[in-house]
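The first residue in the sequence is number 1, and the count goes up from there.
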Amino acid sequence: MPKEARPSTGEQAKQHAFAQLRQAILHGEMAPAQRLVENELAEQFGVTRASIRAALIDLESQGLVERIRNRGSRVRVVSVDEAVAITECRMVLEGLCAAKAAVAASDDQLDQLTDLGTAMSKSVADGEPVTYSELNHELHVRIREFSDQRTAQELLERLNAQLVRHRFQLALRPGRPQQSLNEHLDMIEAIRARDPQAAEAAVRAHLTSVIEALRD
């Protein structure tokens, strides 16, 4: 990064490094267990080592980075057992959001969910698992947003960030998108029917299926 383009203060530099590193991890550009060398990252992002170190501490608090004694930092490895535990927490929070969305969503927002369901169906029919995975993620985000449950949204954003690798792996598993699609369409149908109990049950059924797939 050219010198004049660097963030001007220590806090800005840390936030710049944090945002760039977080994006790289969430997009799979940095793999689990990949070492995060402060000198290299400082040069790559055009900030000081101190800014990188502070950014890594923040990423560690979000569960995306872990420090290994005498070896420095690396992208956190989320085991299957941890992924299952995180998904169990998601089940409660996302069930709540779906129930809230069934009551609070506007007609326009319900139409947006329907459009997403249509796009998801097309991606499965066209054999595009990566597109399906992205739409899957967007659907869950929209439901959370439409629920107007800010606390649950913030908690779920942190939980879901730790599951990116597992989400993509499941999307690429033969037959999984087809099964997952039906579960998501059930969620959309229940929310469109403005039935909070059915919406919560549909989310729980979907995430129970995710847990079973993780354990396979």
Side-chain angles (χ1 to χ4, degrees), residues 1-94 96-97 100 130-131 133-171 210 214:
M1 178 184 294
K3 185 174 181 180
E4 63 271 19
R6 293 180 183 178
S8 58
T9 69
E11 179 62 23
Q12 287 179 326
K14 185 199 80 168
Q15 292 298 333
H16 171 73
F18 171 84
Q20 294 296 314
L21 281 165
R22 187 175 189 275
Q23 183 179 37
I25 293 171
L26 295 184
H27 288 184
E29 296 165 16
M30 292 181 171
Q34 180 175 330
R35 288 191 63 211
L36 301 170
V37 181
E38 291 178 4
N39 280 339
E40 295 175 0
L41 294 171
E43 182 176 355
Q44 179 179 347
F45 298 127
V47 297
T48 64
R49 281 188 63 188
S51 296
I52 292 294
R53 192 175 304 117
L56 291 174
I57 290 171
D58 285 354
L59 289 165
E60 184 178 8
S61 73
Q62 291 198 358
L64 298 179
V65 167
E66 57 188 351
R67 288 182 177 272
I68 305 300
R69 187 174 181 181
N70 299 324
R71 297 186 63 183
S73 298
R74 70 176 189 179
V75 178
R76 182 168 173 247
V77 178
V78 178
S79 69
V80 170
D81 286 344
E82 287 177 300
V84 167
I86 291 169
T87 305
E88 289 172 340
C89 293
R90 284 182 60 203
M91 191 182 296
V92 176
L93 293 169
E94 296 212 27
L96 169 65
C97 287
K100 293 279 190 179
V130 175
T131 299
S133 180
E134 292 169 351
L135 291 168
N136 174 354
H137 177 66
E138 185 176 353
L139 175 66
H140 283 271
V141 170
R142 293 283 184 90
I143 292 172
R144 297 199 298 268
E145 289 175 351
F146 299 164
S147 75
D148 201 28
Q149 230 295 352
R150 188 173 299 276
T151 300
Q153 289 180 53
E154 293 173 354
L155 291 168
L156 283 164
E157 183 178 353
R158 293 185 61 177
L159 291 173
N160 282 305
Q162 299 174 51
L163 295 176
V164 170
R165 181 69 53 173
H166 289 283
R167 176 164 58 87
F168 279 118
Q169 287 175 343
L170 286 183
V210 169
L214 286 168

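Residues A83 and V78 approach most closely at N-CG1, 3.9 Å, considering heavy atoms. Residues D58 and S61 come closest through the heavy atom pair O-OG, 2.6 Å. A pairwise comparison of heavy atoms in S51 and A17 identifies O-CB, 4.4 Å as the closest pair. Listed here is the closest heavy atom pair of Q62 and F18: NE2-CZ, 3.5 Å. Of all heavy-atom pairs spanning G63 and R76, the tightest one is O-CD, 3.1 Å. Contact record, K14 with A55: CG-N, 3.7 Å, taken as the closest heavy-atom pair.
The CG atom of L26 lies 6.0 Å from the CG atom of L64; values are rounded to the nearest 0.5 Å. Note that CZ of R144 is 10.0 Å distant from CG of L93, once rounded to the nearest 0.5 Å. How far CD of E38 is from CG of L56: 6.0 Å, rounded to the nearest 0.5 Å. The structure places CZ of R67 at 9.5 Å from CG of L36, a figure rounded to the nearest 0.5 Å. Distance CG/L163 to CD1/I86: 4.5 Å, rounded to 0.5 Å. Rounded to the nearest 0.5 angstrom, E94 CD and Q153 CD are separated by 11.0 Å.
The closest side-chain heavy-atom distance from D148 to K100 is not below 4.5 Å. The shortest side-chain heavy-atom distance between N160 and H140 does not fall under the 4.5 Å cut-off. In this structure the side chain of L21 reaches within 4.5 angstrom of the side chain of M30, judged on heavy atoms. Using a 4.5 Å heavy-atom cutoff, the side chains of S73 and E60 are not in contact.
With sequence neighbours excluded, the residues satisfying salt bridge (charged side-chain N to carboxylate O under 4.0 Å, His left out) with E66 are R74.
The pair E82-R165 does not meet the salt-bridge criterion, since no charged nitrogen lies less than 4.0 angstrom from a carboxylate oxygen. Residues E138 and R142 are paired through a salt bridge, judged by an N-O separation under 4.0 Å between the basic side chain and the carboxylate.
With R53 contributing its side chain and T48 its backbone, the two residues share no donor-acceptor pair below 3.5 Å.
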Mind running side-chain contact (heavy atoms from CB on, under 4.5 Å) on V84 and E88 for me, showing each step along the way?
CA-CA 6 Å; V84 167; E88 289 172 340; 3.9 Å; yes
